[in-house]
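Note that the structure is a prediction, hence the values are computed from the model and not measured. Convention: sequence-line order gives letters A, B, ...; per-chain numbering from 1.
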Protein chains: 2
Amino acid sequence: MDLGKNIRIKDIAKLAGVSVGTVDRVIHNRGRVSQEALKKVTSVMEQIDYKPNLIARTLGSNKNYRIAAIIPNPEQDPYWSQSNKGILQAQAEWTQYGINIDLHVFDLFNKESFITTVQEAIATKPDGIVVAPIFYHEALPVFDLLKTEQIPYVLFNTNIPEATPLSFIGQNLYQSGKVAAQLLHFGQENPGTFAVLHMDEDIQDSLHLVEKEKGFREYFSSNGKAKFEIMALNLNPSDSAFETQLNELVNNPNLKGIFVTTSKGSAVAASFLEKHSKKHIRLIGYDLLDENLKYLKTGTIDFLIHQNPKRQAFLGISHLVNHLMFKKSMPQQELFPLEVITEENLGSYLNSGLH
Amino acid sequence: MDLGKNIRIKDIAKLAGVSVGTVDRVIHNRGRVSQEALKKVTSVMEQIDYKPNLIARTLGSNKNYRIAAIIPNPEQDPYWSQSNKGILQAQAEWTQYGINIDLHVFDLFNKESFITTVQEAIATKPDGIVVAPIFYHEALPVFDLLKTEQIPYVLFNTNIPEATPLSFIGQNLYQSGKVAAQLLHFGQENPGTFAVLHMDEDIQDSLHLVEKEKGFREYFSSNGKAKFEIMALNLNPSDSAFETQLNELVNNPNLKGIFVTTSKGSAVAASFLEKHSKKHIRLIGYDLLDENLKYLKTGTIDFLIHQNPKRQAFLGISHLVNHLMFKKSMPQQELFPLEVITEENLGSYLNSGLH
DNA sequence: ATAATTCATGTGTTCGAAAACATGTAAGAA
DNA sequence: TTCTTACATGTTTTCGAACACATGAATTAT
């Protein structure tokens, strides 16, 4: 197998009794090859397990690729600011290989803005697009456009299976709800109430939240957990009744734990728990936002589930690069592990690179 | 900055008014360059932020590298079998780039075998070595040999700072002990006992175990945890008293939880808990061995801390490749996150790739 | 003074694949 | 027949850096 040199196109040509040009045409389906020659080459190719030298291939086809990255405005939300960091990191990593990444941001609370931003991105005729399509329904038509334009695209954060992307990078949200449930339930002997808290300006990415709640409820619907009551609340921080509702919740004497489904929400819930000295009520949320970490360290937040937005964005771009530049095939879906963050293992996550 | 083309050696040569050969000599410190020329080139290089095209560089210096990977015999222990998988994966990934990986295994329970295996590996004059030096003291002399032989090496699993490797891949074991403690303690109101269980044929990698215990104890020595008693036990499965000791432990009415510091041990402990119907006693161990997963799924093991041996080995080799082939500088130390595995998030870890 | 040596510097080839380019041959049109 | 046109096939250049080699000048030895 690995006896000496690797097989080169030249070798295949010699074995098949044709020129390198013909082999090249066969490999890339460029046509202009006789049946006869094609048969000879393919038969040699099947015998020998030809693996193109990706280094040489990349150098030879000295292309520069432009990738458009589309995310919500990072300034509107710390979660998306993390995604942005992942994009910047990808830029730093790939720029020397002739990859240019153009960032296009849209308004987190404006569906219309999403569509126009994607259209703008397409108009620049990029070689590939990486996008976090948080507006599910609105996204569908633009993917048709991408398909007719023949632009390969990778989704992250939110999956849209109908869009049949090159690849999706994200998490199993349903399962993450189950993880949250398990952690809230862990070691709880006595009956009580658990609350699912959807806290959001808007219910734009409501699909996310619904999935999480489903998983959460599913966990408690299984054997021997009937003694626990599950309640779900939709709270809008800019709503006038917001404080009252939250106060009422944390003062519920039966309340054993809260599962906050949005990344920003857990810090808000934590502040209420601290204010009412209800730190014994368990709290679990999402993501390593600075605010969240503060409460994780004081013990008010017990666990955070890490969605790793930075890495999602980074990997999304890397997948696209591997597809465009190295012609590598990618897993059609890459679901990140559901990382459980505690006060004690937090440091190990903050210090570790991406890799 | 990124206006159009990247700077090539040719461009630097033109700007400095010399030939590409001279620039090449400057870049690689090959000498044979006049003070004058050197000054011109370096000044240009400082102005322009030259980033060599790694693709072209790799193709140009058409070297084949041989890397020796040294680990305990995978057949002796499922943990090291995982490491082996990481090595195989690295092989699959890098073989097309002209990287050859030779596996050298030693006897997990034989220090002498470790030394001779390393010496054998060195005798093959590899371009780099990746090694899991589980025998701390025995390892020290062989690293002197590696230094005099000028062979770069990467450590994983066990760190030996005195060896000043190119890079170390592993985990903060002390901190992992704290994580274990936190999880056992989580939600525990009443006083009780927690046991640290070192279960091993030999105490070869005792340093590991000591570190973990230290962290565990440290956690409980902090504010308000005086009501918990910590006990530590060294148990040898091949010892005649083994069963008795373990039976005694699990029947201790004060026992709230067990922290098993070895990867194989937690399944053994779990089997005893199940036998005595003591599943309510919390159990936490290390690593995703098949046996462990079985008990994680039945709920006897509550948490596993994932040391990710597969990924450690894979990354160790990748670091070396980046150093040898791409001349990239590597972080001198890469500590993996302390991943907490539960029944519910296990699947997401098993399905996810390495990357 | 001439050959030998040293050393700065420039030129050319190589890596393997991609892609532009050149040649050759057969079928159809004028 | 001769000129296109189409298409199979072979040859050459290119990518950017590494490295072997060639050149030419200054120094040293004889």
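Here B:Leu59 lies in heavy-atom contact (under 4.0 Å) with a base. At a threshold of 4.0 angstrom between heavy atoms, the contacts of A:Lys327 with the nucleic acid are absent.
Listed by chain and residue number, nothing satisfies the salt bridge (Lys or Arg N to Asp or Glu O under 4.0 Å) test with B:Glu75 (two or more places apart in sequence, or in another chain). Every ring-ring contact (aromatic ring centres under 6.0 Å, His included) that A:Phe106 has, sequence neighbours left out, goes to A:Phe114. Under the rule for a ring-ring contact (aromatic ring centres under 6.0 Å, His included), the partners of A:Phe143 that lie at least two apart in sequence or sit in another chain are A:Tyr153. For A:Tyr97, the ring-ring contact (aromatic ring centres under 6.0 Å, His included) partners at least two apart in sequence or on another chain are A:Trp94. Every residue two or more places apart in sequence or in another chain was checked for a salt bridge (Lys or Arg N to Asp or Glu O under 4.0 Å) with A:Asp102, and none qualifies.
Within a 6.0 Å sphere centred on NZ of B:Lys14, other residues, nucleotides and ligands contribute 12 heavy atoms or fewer. For A:Lys327, the NZ atom sits in a packed shell: over 12 heavy atoms of surrounding residues, nucleotides or ligands are nearer than 6.0 Å.
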What side-chain donor-acceptor pairs closer than 3.5 Å can you find for residues 26-37 of chain B, not counting sequence neighbours?
unit_1  : atom_1 : unit_2  : atom_2 : d
B:His28 : ND1    : B:Asp24 : O      : 3.1
B:His28 : ND1    : B:Asp24 : OD1    : 3.3
B:His28 : ND1    : B:Arg30 : NH2    : 3.4
B:Arg30 : NE     : B:Asp24 : OD2    : 3.1
B:Arg30 : NH2    : B:Asp24 : OD2    : 3.3
B:Ser34 : OG     : B:Ala37 : N      : 3.1

Check: residues 50-60 of chain A side-chain donor-acceptor pairs under 3.5 Å, at least two apart:
unit_1  : atom_1 : unit_2  : atom_2 : d
A:Asn53 : OD1    : A:Ile55 : N      : 2.9
A:Asn53 : OD1    : A:Ala56 : N      : 3.0
A:Thr58 : OG1    : A:Leu54 : O      : 2.6

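In terms of modelled atom types and a separation under 3.5 Å, the side chain of A:Gln91 and the main chain of A:Ile101 share a donor-acceptor contact. In this structure a side-chain-to-backbone donor-acceptor pair under 3.5 Å is missing from B:Asn322 to B:His319.
Extent of DNA chain D lying under 4.0 Å from chain B heavy atoms, first and last nucleotide in 5' to 3' order, is D:dG16 to D:dC19. Nucleotides of DNA chain C with any atom under 4.0 Å from a heavy atom of chain A span, from 5' to 3', C:dG16 to C:dA19.
Legend: side chain to side chain donor-acceptor pair (under 3.5 Å) pairs involving residues 121-130 of chain B, not counting sequence neighbours, sorted by first then second residue: B:Lys125-B:Glu149.
Listed by residue number, A:Asp24, A:His28, A:Arg30 are the residues of residues 14-39 of chain A with a heavy-atom contact under 4.0 Å to DNA chain C.
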Q: Kindly indicate, with the supporting measurements, whether the criterion side chain to side chain contact (heavy atoms under 4.5 Å, CB included) is fulfilled by A:Asn84 and A:Ile71.
A: CA-CA 8 Å; A:Asn84 190 35; A:Ile71 58 169; 4.1 Å; yes
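For the helix from C:dA1-D:dT30 to C:dA30-D:dT1, the axis fitted to the five pairs at one end and the axis fitted to the five pairs at the other end meet at an angle of 70° (nearest 10 degrees).
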